[in-house]
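Data block below; observations after.
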Number of protein chains: 2
Amino acid sequence: MEDRRQVILDAAMALADERGLDAVSMRAVAGRVGVTPMALYPHVGSKAELLDAMMGRLIGELLPPSTGPAEVPASAGQRAEPLPGQLAERWQDRFDQFAHAARNLARRHPWIASLLFSRPAVAPDALRAVDLIYQVLLDAGVPESQVPRLERLVSTFFLGFAASEAGGRFGAGPLDPRGRREQLPEGALPAFSRLVPWLGMHCRLDAEFDADLADLRQMIEAIAEHRDG
Amino acid sequence: MEDRRQVILDAAMALADERGLDAVSMRAVAGRVGVTPMALYPHVGSKAELLDAMMGRLIGELLPPSTGPAEVPASAGQRAEPLPGQLAERWQDRFDQFAHAARNLARRHPWIASLLFSRPAVAPDALRAVDLIYQVLLDAGVPESQVPRLERLVSTFFLGFAASEAGGRFGAGPLDPRGRREQLPEGALPAFSRLVPWLGMHCRLDAEFDADLADLRQMIEAIAEHRDG
DNA sequence: ACCTGAACACCGTTCAAGT
DNA sequence: ACCTGAACACCGTTCAAGT
C-alpha cells in the first residue's frame, strides 16, 4: 500500500530531474506510473502534499543515516552523495561538509531550492538538518541566544545560493551582452568600470562558494569571540 | 501606445499585490484591463516578458532617482519607500539603507523574491542596484578582486531573507505544533533541547534582520582589513 | 493599428461509477 | 480497496478574422 506511494514519488522526482518542476503535473506523474490522474489522490492527497513529500525525501538524502525511521527510505534511485556516516570532528569541517552536500544536492535536483523557499520545511528530516547546524554553531562557541538567528542566516544563504545557481541568477552576469548596459547613460554605473577585470570570475562558482564559506566561518568565529554581543 | 503597456503593467502588479503571483494570468490581467487576453500580446510580448517588466519596475522603485530615463516611471500606484534621494555618506549607513529598502519593498510586494530567483535580473535598474552595492563595498575598503563575489554573497542573503519571509519559511518555525518533532526518536535533535529558551525569538524579524546586517558589516570590515586574502 | 473569437493542448480537482 | 471517465473551471498561446 505504501509501496504505491513510493512508486509515485519516484516518478515525480524523476520527472522533476529530467524536465523541471513545471513538468511535474498530476497528469504527467500518473502517466509515468501508468495510471489515471485520479488514482494518485488516495496515495498522495494532493499536488501540494506530493511536493512536500518530494522535498522531505531530498532533505533526508542530505543527512547522515538516521537513528530512527523518519521516513521510509527511497525505494530506488541514486542516493545523492549524503553526508559521510562519520561526521568530522572540527566544527569548521562539519560546516563545510554540510554546505557542500547541500549545494551538490541542489545541483543534482535544481528544483529543490524553489520548493524550499515556497513552503516551510516541516518534514522531520528538515528539523534534523537544522539541528545539525545548531550543533556546529554551538561547537564553534556561538552564544546560545544567537544560534537560532545565525542558523537562519547561514541556511538562508545556502538556499539563496542554490536557488540563484539553479534559477540562473548568477548565470548571465553583468557582462552578458544582453545585459542592457547600453540603455543607461554614461557614468550611471561608476563602480562597474573599476571592477571590469574581476567581473568574469563568477564563472568559477566552485571557488566562489568555497570563499563564501570561509568568510561565513570567519564571521561565526568573530561572533563566538566576543560573546557579550 | 506605450500608455496601454503601462496600464497593463499597473493591472498586473495590482493583481500580484492583491491575490499573489499565481493570480497573474494573462486572462486575469486582460479582464482587469477590460480587454480580451489576446489584446495583451502586442504590448507585452508574452507572459514571461510581462513578469520581467513587473520586476524591472519594482527594482526601479528601490533606487534613488535615476540620472537617466532607464524606464518610463510608474504611471500611478504607490511608490514604495525608495532610497532617499540623498545617499548617506558612511558606507555602513548606505548598506543598511539599501538592505532596509529592499526588505520593505519585498514585504509590500512579496511576489518579487520568487521572481528574482527564477530569472536573471537583466533590467537596467538591476545593474544600478548591483553598482550601488559595489560602491558600498569599495568604500568599505574591500579589495577590488573580492567585490563582485561579496556583492553576490550579500544580495543572495537579502533575496533569500525576503523569499523566506514572503514564502513562510521563517513563519511556522521549529516550535510550531505541526512541526512533526514527535515523529523523531528521543535524542535525535540534541541541540534543540539546549536552545529551547531562544527558539521563539524569530517572531521579531525586524530585530533579527538588523542583527544580521550588523554581522555582515562586520564580515565586510574583516575582509577589508587584511587585504592580502 | 488594434482588437476579437474560436481553437489547441494543457492544468488541478470533484464526483459518480465501475470492478 | 482501488481505479476509471466524464466533467468543471481554469491555463498560455496560435491563427484567422474583423474594424
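Naming: A, B, ... by sequence-line order, numbering from 1 per chain. Since the model is a prediction, treat every value here as computed from it, not as a measurement. For the numbers below, each heavy atom of this structure counts, side chains included, while hydrogens, waters and symmetry mates do not.
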Notebook entry, point to check: Is the shortest side-chain N/O distance from A:H43 to OP1 or OP2 of D:dC2 below 4.0 Å?
Noted result: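 The answer is no; no side-chain N or O of A:H43 sits under 4.0 Å from OP1 or OP2.
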
Notebook entry, point to check: Counting just side-chain N and O atoms, does A:S25 come under 4.0 Å of either OP1 or OP2 of C:dC11?
Noted result: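 Yes, such a contact exists.
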
Closer than 4.0 angstrom, basic N to acidic O: yes or no for [X] and [Y]?
{"X": "B:D210", "Y": "B:R103", "result": "no"}
{"X": "B:D125", "Y": "B:R128", "result": "yes"}
{"X": "B:D10", "Y": "B:R57", "result": "yes"}

Check: Should D:dT4 form a Watson-Crick or G-U wobble pair with both distances under 3.5 Å, which nucleotide is its partner?
Finding: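 Its partner is C:dA16 (Watson-Crick or G-U wobble, both distances under 3.5 Å).
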
Find the distance [X]:[atom1] to [N]:[atom2] and express it as a whole number of Å.
{"X": "B:D3", "N": "C:dC2", "atom1": "CG", "atom2": "P", "value": "12 Å"}
{"X": "A:Y41", "N": "C:dG12", "atom1": "OH", "atom2": "P", "value": "6 Å"}
{"X": "B:L15", "N": "D:dC10", "atom1": "CG", "atom2": "P", "value": "14 Å"}
{"X": "A:D22", "N": "D:dC11", "atom1": "CG", "atom2": "P", "value": "16 Å"}
{"X": "B:L50", "N": "D:dC11", "atom1": "CG", "atom2": "P", "value": "14 Å"}

Note to self: Under a 3.5 Å threshold, yes or no: a donor from one side chain and an acceptor from the other, between B:Q97 and B:R94?
What the structure shows: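 Not at all, the side chains of B:Q97 and B:R94 share no donor-acceptor pair under 3.5 Å.
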
Please answer whether the main-chain N or O of [Y] pairs with a side-chain N or O of [X] as donor and acceptor at a distance below 3.5 Å.
{"X": "A:R169", "Y": "B:F117", "value": "no"}
{"X": "A:R27", "Y": "A:P37", "value": "no"}
{"X": "A:S25", "Y": "A:A28", "value": "yes"}

Among [options], the nucleotide that comes nearest once only the side chain of [X] is considered:
{"X": "B:K47", "options": "D:dT4, D:dT13, C:dG12", "answer": "D:dT13"}
{"X": "B:A39", "options": "C:dT4, D:dG12, D:dG5", "answer": "C:dT4"}
{"X": "A:M38", "options": "C:dT13, D:dT13, C:dC3", "answer": "C:dT13"}

Next item on the list: Strictly below 4.0 Å, heavy-atom distances to any atom of DNA chain D: list the hits from residues 26-33 of chain B, or just say none.
Entry: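 By residue number: B:M26, B:R27.
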
Short heteroatom pairs, N/O only, protein and nucleotides 17-19 of chain D, under 3.5 Å:
none

Check: Quick one: CD on A:E18 to CZ on A:R32, what's the gap to the nearest 0.5 Å?
Finding: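 Spacing of CD (A:E18) from CZ (A:R32) equals 4.0 Å.
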
Note to self: Is the ring pair B:F209/B:H100 parallel, tilted or perpendicular, if the boundaries are 30 and 60 degrees?
What the structure shows: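 B:F209 vs B:H100 ring planes: perpendicular.
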
Notebook entry, point to check: Quantified in whole Å, what is the C1' atom distance between nucleotide D:dC11 and nucleotide C:dA7?
Noted result: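 That atom pair is separated by 14 Å.
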
